[in-house]
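What follows is a set of notes on a single structure, which appears directly below.
In this chain, residues are counted from 1 in sequence order.
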Amino acid sequence: MADINYFAVLVASLLGFAIGAAWYSPMMFGVYWMQAVGYESKQGKMRHPAIIFGGSFFALFIIAVNLALFLGPQSTLATGTMYGFFTGFGWVAMAFLVNDLFENRPFQLYFVNAGYQVVTFTVMGAVIGAWH
């Protein structure tokens with residue numbers, strides 16, 4: 001834990017949050033995502049925004065810390081980017097696929113959610129790798 005650059009972790013977390021804001025905005029995939037998960041019919045049942053956004057940032061911070069531990073102190077921009085991508089695609093996106101197949105979710109929803117994770121892990125890995 002002493003080798004972690006917590007400034008890089010914080011920046012990676014903030015970038016993950018910003019990517020999510022753009023990714024799930026109406027300009028990108030937000031409208032489809034809301035329809036696919038049924039938010040239009042559940043407006044009264046959504047959690048409080050502080051819980052959603054605060055919990056999301058907390059989760060992104062924990063993800064960044066774990067990615068920093070995984071990458072180690074010898075990482076570079078290239079290795080951080082590569083392993084960030086491999087982590088996002090090979091572990092996270094494939095885990096989503098298993099769940100989505102059993103839950104019979106639309107493939108388009110899978111691509112929206114998994115795509116966000118792959119991009120976010122790649123960017124986080126690049127930031128953490130560059131600032132090891």
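- Taking the centre of each ring, Tyr24 and Tyr116 come in below the 6.0 Å mark.
- Across Val9 and Ala68, no two heavy atoms sit closer than the pair CG2-CB, 4.0 Å.
- In terms of heavy atoms, Ala36 sits closest to Leu109 at CB-CD1, 3.9 Å.
- Residue Val118 comes nearest to Ala93 through the heavy atom pair CG2-CB, 4.0 Å, listed as atom of the first residue, atom of the second, then distance.
- In plain terms, the two heavy atoms of Phe85 and Thr122 that are nearest each other are CA-OG1, 3.2 Å.
- Side-chain contact between Asn113 and Trp33 is present, with heavy atoms from C-beta onward closer than 4.5 Å.
- Across all their heavy atoms, Gly115 and Trp23 have their closest contact at C-CZ2, 3.5 Å.
- Side-chain atoms of Phe61 and Phe17, non-hydrogen and from C-beta on, never get closer than 4.5 Å to each other.
- Note that CG of Leu60 and CG of Leu14 are 9.0 Å apart. Values are rounded to the nearest 0.5 Å.
- A heavy-atom distance below 4.5 Å is found between the side chains of Pro106 and Tyr32.
- Note that the CZ atom of Phe89 and the CZ atom of Phe96 stand 13.5 Å from one another [nearest 0.5 Å].
- For the residue pair Ser56 and Ile52, the shortest heavy atom distance occurs at OG-O, 2.7 Å.
- Summarising the geometry, atom CD1 belonging to Ile63 is positioned 4.5 Å from atom CZ belonging to Phe121; distances are rounded to the nearest 0.5 Å.
- Distance check: Leu97 CG to Phe102 CZ gives 10.5 Å after rounding to the nearest 0.5 Å.
- Of the possible polar contacts, one joining the Ser25 side chain to the Ala22 backbone as a donor-acceptor pair under 3.5 Å is found.
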Next item on the list: Begin with the C-alpha distance, continue with both residues' side-chain angles, and end with the deciding distance and a verdict on ring pair (Phe, Tyr, Trp, His ring centres under 6.0 Å) for Phe70 and Trp91.
Entry: CA-CA 13 Å; Phe70 174 70; Trp91 291 340; 5.4 Å; yes
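- The distance from atom OG1 of Thr76 to atom OH of Tyr83, rounded to the nearest 0.5 Å, is 9.5 Å.
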Next item on the list: Carefully, step by step, assess Ile128 and Asn5 under the rule side-chain contact (heavy atoms from CB on, under 4.5 Å).
Entry: CA-CA 8 Å; Ile128 292 166; Asn5 179 338; over 6 Å; no
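- For Gln74, the CD atom counts as loosely surrounded, since its 6.0 Å shell holds 12 or fewer non-hydrogen atoms of other residues, nucleotides or ligands.
- A distance of 5.5 Å separates CG in Leu67 from OG1 in Thr87, rounded to the nearest 0.5 Å.
- Cluster membership check: Val127 shares its hydrophobic cluster with Phe7, using side-chain heavy-atom separations under 4.5 Å among Ile, Leu, Val, Met, Phe, Trp and Tyr.
- Residues Tyr110 and Arg105 are not in side-chain contact: their nearest non-hydrogen atoms beyond the backbone lie 4.5 Å or more apart.
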